[in-house]
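These notes concern the structure reproduced below.
A quick note: this is a predicted structure, and the numbers were derived from the prediction, not measured. All values below come from the heavy atoms of this structure, side chains included, with hydrogens, waters and symmetry mates left out.
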Amino acid sequence: MVQRGSFHPRNSSTVRFLPRKSSPLALTFQIFCIFAFSVFLFLLVYTRNSLEDEQMQQTFLPRKSQSQSQSQSPQRKVGLVPSPNIPDEQLWDAPFSYGLHPCIKPTAKYKAAINSERYMTVRSNGGLNQMRTGIADMVAVARVMNATLVIPQLDKRSFWHDSRFVSYYSLCFTGMSLITWGTTLVSVFSDTFDENYFIKTLRGDIQIVKELPKELETAPRARKHFTSWASVGYYEETKQLWKDYQVIHVAKSDSRLANNDLPVDIQRLRCRALYQALRFSPPIESLGKKLVERLRSRGGRYIALHLRYEKDMLSFTGCTYGLTDSQSEELKIMRENTNHWKVKRINATEQRAGGFCPLTPKEVGIFLRALGYPSSTQIYIAAGEIYGGDTYLSELKSRFPNIVFKETLATKDELRAFANHATQTAALDYIISVESDVFVPSYSGNMARAVEGHRRFLGHRKTISPDRKGLVEIFDELESGELEESSLPHLVQPMHLNRQGAPRKRYGPSPGIKGRGRFRTEESFYENPYPECICNSKKHSE
Ligand SMILES: *[C@@H]1O[C@H](CO)[C@@H](O)[C@H](O)[C@H]1NC(C)=O
Ligand SMILES: *[C@@H]1O[C@H](CO)[C@@H](O)[C@H](O)[C@H]1NC(C)=O
C-alpha cells in the first residue's frame, strides 16, 4: 500500500521515502542498511534509466510521412540564389499563420464535472516533458472514467545530481529512516507545478484532490498498466473496474492515450490541461520570466538551441562521429552496461548517414550560419552537460561567440534552489525555449516535441527542425572538400524552407504500417495539436 509522506528532509523541496514495511532488528541494522543501500542504488539506476526508454525508443524510427513531406533534397543544380544578407524578418519572424489561433473551449454538449467518489492515483514517469504530457493525458482519462484525480506523484529522476542523497545514506545509519525493499523515490508535485492553480483551472472538467481520503488509504486498489496509445473505448471498458474497486492506481502515465481519433472535447481538455492548468510552480515561473527578460535586455532577440549533445544520448544512439577513440569506447561500454537499451551494436557511420544522430555543436554552428544568422546572434543553450565540454562547444562558440547558458544568465543565488533538481532546471529551459524568437532542436526528443507543439499552439512561433539526413550529406562533402562553407546557404536554406513550424495538420501514421505499430509512428498530439486546439473560426477560441 502506498503511504504518503512519512519523512521530510529539512528543505521543503524534495523527495519522499515511501517505506512499505519497517524492520525492528536493531542488531543487524547496519548490515541491513548496507544491503538495502545497494538495492536502493540498483533500483535508482534502474528507474532512472528506464525513464528514458520511451524517449530513446523513438530514435530508430524514421518518420516516413514527415520526411517525405518535409525534406526536400537539396537542389544543387537549380540552386536558388539567396542574397548573402537575409532580411531580419526572414530570420526571426514567425511563419505566416493564416489567422489561426488557439481554441480550447469545450463544445456546447460538454457537461460540467461531476463529483465522483471513485479515485484515480497516478505515478507519473519520465523526464519533465513526459511527465507533463502524461499528466495532461491522465486528466483526460479521469474525465472519461468519471474519476476524481488524486494529484500525481512524480518520478524523481534527478537523483545523481542530488547532493542530499549523501545525507539520506547517513540517515540510514542514524536510524532515523529505514530504507527497505521496495523503497521508492518520488518528488512532490508542488515542487515543480502550481498545484492549487492546476486544481482550480480544471474545476469544470474533473475533480482533483491533493490526497486520497483517509478512509480509502487502506482500501484495495486496482493496479493498472494502461495499454499505450489507448482509445476512449478502452477506458470506457476499463470502467468495469469500478464494480470491484473504489481506487485505481495507474503505474505509468506516459503515452497512455492515443494521438488521434479521440472526441474533440477530450483533445481540447488535453490542451487545457497542458497549456493552461499545468503551470510551473511560482519560483520556477518567476525565475524563468526573469531570465527571458535578461536575454531580451542583453541582445533583444535570441535563439533557444536544444543541444542534445549529452552523454546518455550519444551512448544510446551510438553516435561517435568526431569523438576520440577513448570517448567512443566509453560510450560503447555505457551502452553495453545499460540492460534495457536493446540495440548494442551500432554502426556509427550508418547511424549518422540515416539522420539518427544529434547534430554536433560544430554542425549546429555551420547550420545556423548557413541559414544566415549573423555571428553576433544571441544563442541560449537549453541542455544539460554537453559531452566533452568546451572541446566541442568551442567549435560552436567560434562561429557564435554570443552563447548563453543558464549559469551565465542567472546568479548563483538564483540557481541554488534549482541546481540539484534536473526537473526544475529542465523547466527553466522549457520556459526560455517556448518564449524564444527561434527554437532549434538539434535532435528530436520529448523536449523538442513538447516545445514545438507549445509554440505552434501559441501562434506558430518559429521552430527550425534540422533535416539531419540531408545536412549530413552536405557536411560530409564539406569535409571532403567537395563543397565550401560559402556555398552552403544555397543548399541549406531551400532544404529548410518547409521546416520552420508553419501551420500544418498533424501527421498520421507512416504509410504501410498496420496494427498497433502504427501508433508509434504517428506524430504526437502534443507536438502539433492542430486541428483540434488550433482553429480559424472564432468559435471555441480562448
Ligand atoms: C460518467 O460520465 C458520463 C459523461 O459525463 C455521464 O453520462 C455518466 O452518467 C457518468 N456516470 C456515472 C456513473 O457517474
Ligand atoms: C559501417 O558501415 C559502413 C557503411 O555501410 C561500412 O563501410 C563500414 O565498414 C561499417 N563499419 C563496421 C565497423 O562495420
Side-chain angles (χ1 to χ4, degrees), residues 58 61-75 80 89-104 129 133 136 229 258-262 264 266-268 270-271 274-275 303-304 306 355 371 433-434 436-471 492-513 518-542:
Q58 306 269 356
L61 288 163
R63 257 223 216 95
K64 290 227 180 62
S65 57
Q66 180 164 10
S67 44
Q68 273 159 9
S69 55
Q70 278 204 344
S71 70
Q72 306 169 333
S73 46
Q75 291 154 1
L80 289 175
E89 307 88 77
Q90 203 175 315
L91 291 176
W92 297 102
D93 284 3
F96 186 64
S97 66
Y98 305 92
L100 294 167
H101 50 82
C103 55
I104 54 176
N129 290 292
T133 53
W229 295 293
N259 293 304
N260 297 310
D261 303 321
L262 299 180
V264 68
I266 291 300
Q267 300 287 51
R268 292 208 176 130
R270 293 168 104 176
C271 292
L274 188 67
Y275 301 131
I303 294 178
H306 184 43
L371 285 178
S433 297
V434 167
S436 65
D437 298 278
V438 177
F439 175 62
V440 180
S442 70
Y443 186 77
S444 55
N446 290 309
M447 158 100 170
R449 282 191 288 271
V451 172
E452 175 176 345
H454 202 161
R455 292 172 64 84
R456 286 180 177 281
F457 176 77
L458 290 172
H460 293 95
R461 297 177 177 176
K462 194 192 278 279
T463 296
I464 304 177
S465 311
D467 177 349
R468 292 189 303 270
K469 193 159 184 264
L471 284 172
V492 172
Q493 287 173 18
M495 189 188 265
H496 291 85
L497 274 183
N498 292 330
R499 304 179 71 96
Q500 314 220 352
R504 59 164 177 78
K505 287 188 179 160
R506 193 164 61 253
Y507 295 127
S510 297
I513 298 189
R518 73 183 188 281
F519 291 125
R520 201 171 266 290
T521 69
E522 286 175 348
E523 186 173 19
S524 151
F525 176 76
Y526 299 108
E527 180 174 359
N528 185 1
Y530 184 27
E532 296 91 339
C533 303
I534 299 174
C535 312
N536 49 24
S537 80
K538 284 279 167 251
K539 251 167 75 187
H540 311 300
S541 43
E542 221 290 292

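Counted by atom type alone, Ser465 and Arg499 present zero donor-acceptor pairs between their side chains at under 3.5 Å. In summary, the side chains of Ser510 and Arg520 do not present any donor paired with an acceptor at a separation below 3.5 Å, with no hydrogens or angles considered.
The distance from atom CE of Met495 to atom CG of Asp467, rounded to the nearest 0.5 Å, is 5.0 Å. Here Ser524 contributes atom OG and Asn260 contributes atom CG; the two are 9.5 Å apart, rounded to the nearest 0.5 Å. Put simply, CZ on Arg518 and CD on Glu522 are 6.5 Å apart, with the number rounded to the nearest 0.5 Å. From Ser97, atom OG reaches atom CD1 of Ile534 across 9.5 Å, with rounding to the nearest 0.5 Å.
Salt-bridge check for Glu523 with Lys505: failed, with every basic side-chain N at 4.0 Å or more from each acidic carboxylate O. Taking the charged nitrogens against the carboxylate oxygens, Glu532 and Arg506 do have a contact shorter than 4.0 Å, which makes a salt bridge.
Using a 4.5 Å heavy-atom threshold, the side chains of Ile303 and Asp437 count as separate. In this structure the side chain of Lys462 never reaches within 4.5 angstrom of the side chain of Phe439, judged on heavy atoms. The side-chain heavy atoms of Tyr507 and Asn259, taken from C-beta on, include no pair separated by under 4.5 Å. Side-chain atoms of Pro503 and Phe96, non-hydrogen and from C-beta on, never get closer than 4.5 Å to each other. Using a 4.5 Å heavy-atom cutoff, the side chains of Val438 and Trp92 are in contact.
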Criterion side chain to side chain contact (heavy atoms under 4.5 Å, CB included) on Ile464 and Leu371, from CA distance to verdict
CA-CA 10 Å; Ile464 304 177; Leu371 285 178; 3.9 Å; yes

Chi angles and distances behind the side chain to side chain contact (heavy atoms under 4.5 Å, CB included) call for Tyr530, Leu100:
CA-CA 10 Å; Tyr530 184 27; Leu100 294 167; 3.8 Å; yes

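Figure legend: Arg461 and Phe457 shown without cation-pi pairing, the cationic atom not lying both under 6.0 angstrom from the six-membered ring centre and within 45 degrees of its axis. Geometric assessment of Arg449 against the ring of Tyr526 yields a negative cation-pi assignment under the 6.0 Å and 45° thresholds.
Of all heavy-atom pairs between Asn129 and Asn446, the closest is CB-O, 3.9 Å. Nearest heavy-atom pair across His454 and Val434 is ND1-CG2, 3.9 Å. Contact between Ser444 and Ala448 at its shortest, heavy atoms only, is CA-CB, 4.2 Å. Closest approach of Ala304 and Ser433 over heavy atoms only: CB-CA, 3.7 Å.
Between the side chain of Arg270 and the backbone N or O of Pro529 there is no donor-acceptor pair closer than 3.5 Å. At least one donor-acceptor pair under 3.5 Å links the side chain of Arg456 to the backbone N or O of Ala502. Distance alone, capped at 3.5 Å, is enough to place a donor-acceptor pair between the Ser442 side chain and the His306 backbone. Judged purely by atom type and a 3.5 angstrom limit, Arg468 uses its side chain to pair as donor or acceptor with the backbone of Gly355.
Each of Gln500, Glu452, Arg455 was compared with Thr463 under the side-chain hydrogen bond (donor to acceptor under 3.5 Å, both in side chains) criterion, and only Arg455 meets it.
When the side chain to side chain donor-acceptor pair (under 3.5 Å) test is applied to Asn528, no partner is found at least two apart in sequence or on another chain.
Distance check for Cys103 and Cys533: the SG atoms are not under the 2.5 Å cut-off.
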